[in-house]
Amino acid sequence: LATRLLYLLLFAVVFWVTCWAVALTALVQLAFRVFAGAPSPELRRFGAGLARYAAQVIAYLSFATDRLPFPFSDWPEMPGRVTEDDLSGL
């Protein structure tokens, strides 16, 4: 129980940092859209991986799973080119 509590606290902080990373990614993507005319494919792929990671953290925090997210397991993999179908399973 004490171990789970420590992991819950750790991943609550990780989730907070993840939310800021999502906000920063969204702002940078907006800048790409405004100045380059299209979002960055690399940032789109990163954002999709970040979304999957956030889902894993939320599942752990809400006791939907006992599987520890990254760095205790692998980072969620995303294909080289992200499509809408890749994001539908989030």
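Here the structure is a predicted model, which is why all the values come from computation and not from measurement.
- Under the 4.5 Å side-chain contact rule for hydrophobic residues, V17 and L68 do not share a cluster.
- Note that CZ of F72 and CD of Q56 are 13.0 Å apart. Values are rounded to the nearest 0.5 Å.
- Interatomic distance, CG of L10 versus CZ of F15, reported as 14.0 Å (0.5 Å rounding).
- The two residues G49 and P76 come nearest to each other via the heavy atoms O-CG, 3.9 Å.
- Within the 4.5 Å cutoff, side-chain heavy atoms of P39 are placed close to those of Q29.
- Counting all heavy atoms, side chain and backbone alike, T18 lies closest to A54 at CG2-CB, 4.1 Å.
- Under a hydrophobic clustering in which Ile, Leu, Val, Met, Phe, Trp and Tyr are joined whenever their side-chain heavy atoms come within less than 4.5 Å, directly or via other members, L24 and F32 fall into the same cluster.
- Taking OG1 of T25 as the start and CG of L30 as the end, the distance is 12.5 Å to the nearest 0.5 Å.
- Cluster membership check: V28 does not share its hydrophobic cluster with V34, using side-chain heavy-atom separations under 4.5 Å among Ile, Leu, Val, Met, Phe, Trp and Tyr.
- Atom-to-atom distance recorded for L9:CG and Y7:OH is 12.5 Å, nearest 0.5 angstrom.
- Classified by interplanar angle (parallel below 30°, tilted 30° to 60°, perpendicular above 60°), the ring pair Y53/F70 is perpendicular.
- Remark: R4 CZ to Y60 OH distance equals 4.0 Å, nearest 0.5 Å.
- Under a hydrophobic-cluster definition in which Ile, Leu, Val, Met, Phe, Trp and Tyr are linked whenever side-chain heavy atoms come within less than 4.5 Å, directly or via other members, W16 and V14 are assigned to different clusters.
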